[in-house]
2 protein chains.
Amino acid sequence: MPRGSRIGTREEILATALDLFLAQGYEATSLREIAERLDITKAALYYHFPAKEQLVVELTRQFLNDLADLVATARAEPLSERRARLTELLSAYLDLLIEHQQVIDLLSRNPATQNHPDVGLRARNLIEALRTELAGPDAKAEDKLRVACAMGAISSVAMLPVMDGERVRALILGAALAAFDAEPVGDVVVRSPSRRVGD
Amino acid sequence: MPRGSRIGTREEILATALDLFLAQGYEATSLREIAERLDITKAALYYHFPAKEQLVVELTRQFLNDLADLVATARAEPLSERRARLTELLSAYLDLLIEHQQVIDLLSRNPATQNHPDVGLRARNLIEALRTELAGPDAKAEDKLRVACAMGAISSVAMLPVMDGERVRALILGAALAAFDAEPVGDVVVRSPSRRVGD
DNA sequence: GTCTATAGGCAGATAGAC
DNA sequence: GTCTATCTGCCTATAGAC
């Protein structure tokens, strides 16, 4: 059943694809499912996108460009003011994750997208570049690990239901900086459990 | 070409399946690929495992049981010594992630596995239970966020190439505790980039 | 425990009418 | 821009011989 001429078909396709990819995964979602939900046919999809993978390329393009911008910003920052630079860049990284939360979910949860040169590989390279920039050119292994922990704390936004407000943002940024600065903690002993839970 | 009777066929199948699932994803890996790499046939796989999804169930069983044990430990701990309890449980959680790094990769990267009641849903419930236990029964939203940040810092192990040594472990645990304790940091301004990187 | 052979289905993708 | 119709190929899973 045709829907007639609409302005936003392409955007509707992308939105629907994102929905289904997030819920079921990229590989587990067929073009038939996407088409059915939109009440069009598979062939109609192929008018707008030459192949299934192109859906992911388009869905992730904006995020990846923003991430590339952030790396460029990092490279342009003077190394002299190290602390201010770290704070600023982690803050921008946090904003990026919040803004593109769904796309990041898509990328991190779908191995099939991670080997695509314009998507997964590009993302990996950019993240690696950011980590390198944050640690500094003369960074020791420990500094790199500290940066990884800080970025990990920021990644906790991905685990959370919804992001709301400046207070939450400030807390996560504070946690990331504290993770970076932290003293090592060793020699912790764990007692044995009384009974297993869950089965 | 038959391989004759071997003791470890079942374990070889699981190891090969894990390899391929990690490299390509669960959905993107066919039973034919697994069989070919092992030099057996698809039908032989079905002798050992009744369905493809059973491979994931077996691969994740040990990790999920260990995680359930950790939740049980958390429930058995006295709430009186809050700080020691938090340190101890985060430490055990870190050990768990290190020990089962590959399985965690498998779970977190494959949406298709995440709706299975004995795998993804069980994992989600256990992680949620652990977060709740760590935050405490009377926890405010902010405490839960702090726990999420701490667990996020620990999750940084998943981003790292290899885990080696007590020093690295101590650093990550320290970062997690510091993330939990951190003061909020607000009002950071980001300058604009000079030029985009990467294309 | 492993094989051959095949059923039965759905995938991604294309051709060409309208 | 969307359709119908169809191709080709691979998928999971099963039956039954050895």
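Proteins get letters first, then strands, A, B, ... in listed order; numbering begins at 1 in each.
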Is the shortest side-chain heavy-atom distance between His116(A) and Arg122(A) below 4.5 Å?
no
Are Val103(A) and Gln62(A) close enough that some pair of their side-chain heavy atoms sits under 4.5 Å apart?
no
Ionic contact status for Arg85(A) with Glu133(A), cut-off 4.0 Å
yes
Whole-Å distance, Asp39(B) CG to dG1(C) P, equals 18 Å
Could Glu33(B) and Arg37(B) be called an ion pair, given the rule that one side-chain N must be under 4.0 Å from one carboxylate O?
no
Is the shortest side-chain heavy-atom distance between Arg83(A) and Leu177(A) below 4.5 Å?
yes
Distance check: side-chain N/O of Thr41(B) vs OP1/OP2 of dT2(C), anything under 4.0 Å?
no
Which of residues 50-61 of chain A have a heavy atom under 4.0 Å from DNA chain C?
Ala51(A), Lys52(A)
Kindly point out which of dA15(C), dT6(C), dG12(C) is positioned nearest to the side chain of Ala43(A)?
dA15(C)
Could you tell me how far apart Tyr46(A) (OH) and dT4(D) (C1') are, to the nearest whole angstrom?
16 Å
Close residues, residues 28-36 of chain A, relative to DNA chain C [heavy-atom separation under 4.0 Å]
Thr29(A), Ser30(A), Leu31(A), Arg32(A)
Can you find a side chain N or O atom of Tyr47(A) that sits less than 4.0 Å from OP1 or OP2 on dT2(D)?
no
Side chain proximity check, Glu99(A) to Asp66(A), heavy atoms < 4.5 angstrom
yes
Taking CG from Leu38(A) and P from dC3(D), how many angstroms apart are they, rounded to a whole number?
10 Å
Under the 6.0 Å and 45° cation-pi test, does Lys52(A) pair with Tyr26(A)?
yes
Would you say that Leu31(A) contacts Leu55(A) through its side chain, given a criterion of any heavy-atom pair below 4.5 Å between the two side chains?
yes
Side chain proximity check, Asn110(B) to Pro111(A), heavy atoms < 4.5 angstrom:
yes
If I take atom CD in residue Glu12(B) and atom C1' in nucleotide dT2(C), what distance separates them, rounded to the nearest angstrom?
14 Å
Write down the distance between NZ (Lys42(A)) and P (dT14(C)), rounded to a whole number of angstrom.
12 Å
